[in-house]
Amino acid sequence: MSQPDYTITQLISAKSIAARIEELAQEIQEQFKGTDKLIVVGLLRGSFVFIADLVRELNLPVEVDFLEASSYGDGTESSKEVRILKDLRGEISGRDVLVVEDIVDTGFTLSHVVNLLSTRNPKNIKTIALLDKPSRREVEIKATWTGFEIPDEFVVGYGIDYAQRNRNLPFIGCVEFNTKS
Ligand code: 5GP
Ligand code: MG
């Protein structure tokens, strides 16, 4: 099946992302100063580039684990039912946990994941989202740290896909579908 024709317009440059990650890492380091029990949990697949850049800015002992929750499939609309497709490998009981998400949109995914992980007796759960679309929120949740607030646009790049493509773009861009007349 061929995809609809679309173009991508840059919204956030690679340079701006890198600068913001440096700031966020400073705040995270301050928050978790002195801990030797931090586990950074990336939500697959969209957060893989973000988590890679973020942990390399953290001057702290960290462990990394991944969890995959179902989301958009190959479309551009979120589904309210969140399923866990791949669970963590490690235990988080008694640990400081930092959940790393690419985008908070309706809020269903992040709130489901936080609720689930809270049942496992972590010492503390904090969250970070690279992008936030506050105008789309249906569940009341705000990440502890947010990279950028963005308008209600469908975005790709920096790990984030459209139908599995464009994750390798170094910047965040908006997808515009070309309507043929
Ligand atoms: P929520 O559960 O908050 O509605 O959706 C969160 C998930 O939807 C994100 O983890 C992300 O995977 C996906 N998502 C939300 N907005 C976008 C977007 O603009 N582009 C892409 N590719 N995925 C999005
Ligand atoms: Mg996601």
Side-chain angles (χ1 to χ4, degrees), residues 1-14 16-17 20-21 24 39-55 64-89 97-119 125-179:
M1 293 292 273
S2 67
Q3 287 180 29
D5 201 21
Y6 63 95
T7 51
I8 297 169
T9 314
Q10 179 172 294
L11 181 66
I12 307 169
S13 70
S16 309
I17 298 170
R20 183 70 183 121
I21 288 178
L24 292 165
I39 176 149
V40 182
V41 170
L43 301 194
L44 293 172
R45 283 172 262 177
S47 74
F48 81 102
V49 175
F50 181 37
I51 193 174
D53 282 347
L54 182 66
V55 294
V64 175
D65 204 342
F66 292 95
L67 187 147
E68 185 171 10
S70 63
S71 66
Y72 278 18
D74 281 349
T76 60
E77 274 300 305
S78 187
S79 80
K80 295 181 184 182
E81 198 194 291
V82 181
R83 287 177 306 131
I84 301 301
L85 303 177
K86 182 209 167 292
D87 207 336
L88 299 177
R89 287 287 293 273
V97 178
L98 176 64
V99 177
V100 181
E101 172 64 309
D102 53 357
I103 308 175
V104 183
D105 185 39
T106 62
F108 282 105
T109 308
L110 191 60
S111 69
H112 181 89
V113 168
V114 168
N115 289 341
L116 173 74
L117 298 184
S118 302
T119 65
I125 301 187
K126 299 273 189 247
T127 55
I128 181 166
L130 178 65
L131 305 175
D132 188 359
K133 297 183 189 170
S135 67
R136 297 258 311 157
R137 200 72 88 257
E138 291 181 41
V139 177
E140 209 179 306
I141 184 162
K142 175 121 185 89
T144 318
W145 294 280
T146 297
F148 302 88
E149 285 196 359
I150 61 168
D152 181 11
E153 297 274 359
F154 189 78
V155 296
V156 293
Y158 198 73
I160 301 164
D161 73 305
Y162 169 49
Q164 301 311 324
R165 302 266 184 91
N166 306 121
R167 294 190 195 273
N168 56 327
L169 292 176
F171 58 87
I172 299 283
C174 295
V175 174
E176 282 152 36
F177 295 96
N178 304 324
T179 44

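If you're wondering where the values come from, they're calculated on a predicted model, not measured in any experiment. Quick note: residue numbers are just sequence positions, from 1. Start at 1 and go down the list; that is how both ligands and their atoms are numbered. Because only heavy atoms are used, hydrogens play no part in the values below, and waters and symmetry mates are left out as well, while side chains stay in.
- Note on ligand 1: R136 sits outside its first shell, no heavy atom being nearer than 4.0 Å.
- Residue contact check for ligand 1: G107 places a non-hydrogen atom closer than 4.0 Å to it.
- Of the possible donor and acceptor atoms, one in the side chain of D65 sits under 3.5 Å from a partner among the backbone N and O of R89.
- For the pair I128/F50, a side-chain contact is recorded, criterion being any heavy-atom separation below 4.5 Å from C-beta on.
- Ligand 1 places these atoms under 4.0 Å from at least one heavy atom of K133: 16 (N), 17 (C), 18 (C), 19 (O).
- Short contacts between ligand 1 and F108, defined as distances under 4.0 Å to a heavy atom of the residue, involve ligand atoms 2 (O), 3 (O).
- Selection from D161, L44, V139 by nearest heavy atom to atom 22 (N) of ligand 1 gives D161.
- Residue-ligand proximity, T109 to ligand 1, at heavy-atom distances under 4.0 Å covers atoms 1 (P), 2 (O), 5 (O), 6 (C).
- Distances shorter than 4.0 angstrom occur between a heavy atom of F154 and an atom of ligand 1.
- Taking CG of L43 as the reference point, atom OG1 of T127 lies at 10.0 Å (rounded to 0.5 Å).
- Heavy atoms of L110 come nearer than 4.0 angstrom to ligand 1 in no pair at all.
- An N or O contact shorter than 3.5 Å is missing between Y162 and ligand 1 by distance.
- Closest to atom 7 (C) of ligand 1 by heavy atom, among I103, V82, L130, is I103.
- Backbone and side-chain nitrogen or oxygen atoms of V156 are examined, and none is located within less than 3.5 angstrom of a nitrogen or oxygen of ligand 1.
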Give the C-alpha distance, both sets of side-chain angles, the deciding distance and a yes or no for ring-ring contact (aromatic ring centres under 6.0 Å, His included) between Y6 and F154.
CA-CA 12 Å; Y6 63 95; F154 189 78; 9.1 Å; no
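- Residue contacts with ligand 1: D102 is included, with a non-hydrogen atom under 4.0 Å away.
- For the pair R137 and D132, the salt-bridge criterion is met [side-chain N within less than 4.0 Å of a carboxylate O].
- Proximity of D105 to ligand 1, defined as any heavy-atom pair under 4.0 Å, is shared by backbone and side chain alike.
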